[in-house]
Amino acid sequence: MAADALAPAGGGPATVRLAVVDTQVLITDAADPRLADYVGLTDVHLRRSLEAEHGLFIAEGEKVIRRAIAAGYPVRSFLVADDKLATIADVAVDCGAPLYVLPAASVQELTGYRVHRGALASMRRLPLPAVADVLETARRIVVLEDIVDHANVGAVFRCAAALGFDAVLLSPRCADPLYRRAVKVSMGAVFSVPYSRIGDWAGAVDSLKNLGFRVLAMTPDPGATPIGEVSAVAKLALLIGSEGDGLTPRWMAAADERVRIPMSRGVDSLNVAAAAAIACYVLAAR
Ligand SMILES: C[S@@+](CC[C@H](N)C(=O)[O-])C[C@H]1O[C@@H](n2cnc3c(N)ncnc32)[C@H](O)[C@@H]1O
């Protein structure tokens with residue numbers, strides 16, 4: 001590793017900087033095949049197939065990348081704009097993965113957007129734990145049914161982590177927590193909150209009840225129990241529904257109780273993440 005290498009030599013362009021780490025590779029062409037992991041990051045369909053095929057996901061920003069590494073996700077490579085090299089240097093030093101450095105304009109051409117946080121890392125996915133393992137010691141869990149928006153998924157993980165919930169379960173069709181936007185909005189909480197994906201959507205609520213969870217269906221329906229009146233229980237599962245239609249009738253009917261966060265001014269419903277934040281806060285200690 002090159003020592004004392006963060007300062008550009010004589011303030012010159014990045015391409016003449018000393019290597020920050022042995023694995024640093026300067027690339028000037030956005031079409032270089034070594035950068036294939038980072039192509040079209042704003043194209044959800046492309047990313048879905050590419051990430052599934054190669055078992056990867058993208059982490060963005062030094063803090064989030066550091067949290068992913070600490071959680072045990074292996075790094076395939078790093079990508080950084082030449083003017084942001086310092087943001088990733090010390091993370092990359094101990095890692096041994098290639099660190100690709102591109103001119104800032106080429107990063108945007110490659111990824112499809114301006115990477116404000118400077119650094120990206122392509123990380124290898126790990127197998128999801130079994131639902132039973134995730135629930136083994138959990139007392140407070142959030143269960144997301146068919147959430148579409150990755151930012152909402154990330155925000156719910158962040159709330160669950162910050163407000164003391166133990167785990168998150170995802171319905172089979174719920175958006176991927178390791179999609180770049182979800183990872184970014186969660187600020188890495190997707191790495192710290194245990195989660196898994198439910199296989200049996202139809203039987204999910206009954207299975208949770210059999211495991212001793214009191215299952216609360218979160219709904220803005222005025223006929224539901226106000227959240228302030230929910231009784232204390234040992235094990236609690238909060239069902240949160242999708243952005244458009246909310247919870248499916250099946251999950252709603254199977255739950256032990258329907259619970260609402262009272263609203264005013266004629267508002268129909270809260271954003272998914274706002275509802276999750278309030279519910280986690282109110283019910284964490286109950
Ligand atoms: C945007 S809302 C869906 C609105 C949908 N029209 C409905 O009636 O459920 C998404 C999810 O956030 C939760 N939610 C939103 N507002 C809520 C409230 N006031 N009380 C309880 N949960 C709420 C529910 O779980 C809901 O399924």
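As the structure is a computational prediction, the values presented were derived from the model and not from experiment. Positions are given from 1 along the sequence. Numbering of ligands and ligand atoms starts at 1, following listing order.
For a heavy-atom separation below 4.0 Å, the residues in contact with ligand 1 are Met218, Thr219, Pro220, Ile240, Gly241, Ser242, Glu243, Gly244, Asp245, Gly246, Leu247, Val259, Arg260, Ile261, Met263, Ser269, Leu270, Val272, Ala275.
For Asp32, the salt bridge (Lys or Arg N to Asp or Glu O under 4.0 Å) test picks out Arg34, with sequence neighbours left out. With sequence neighbours left out, Arg66 forms a salt bridge (Lys or Arg N to Asp or Glu O under 4.0 Å) with Glu62, Asp90.
Arg158 contributes no side-chain N or O that, together with a main-chain N or O of Ala189, makes up a donor-acceptor pair within less than 3.5 Å.
In Tyr113, the OH atom is crowded: over 12 heavy atoms of neighbouring residues, nucleotides or ligands sit closer than 6.0 Å.
Side chains of Ser122 and Asp37: a donor-acceptor N/O pair is present below 3.5 angstrom, by distance only.
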Contacts under 3.5 angstrom, residues 126-139 side chains, donor-acceptor by atom type, not counting sequence neighbours:
{"unit_1": "Arg139", "atom_1": "NE", "unit_2": "Ala234", "atom_2": "O", "d": "3.3"}
{"unit_1": "Arg139", "atom_1": "NH2", "unit_2": "Ala234", "atom_2": "O", "d": "3.2"}

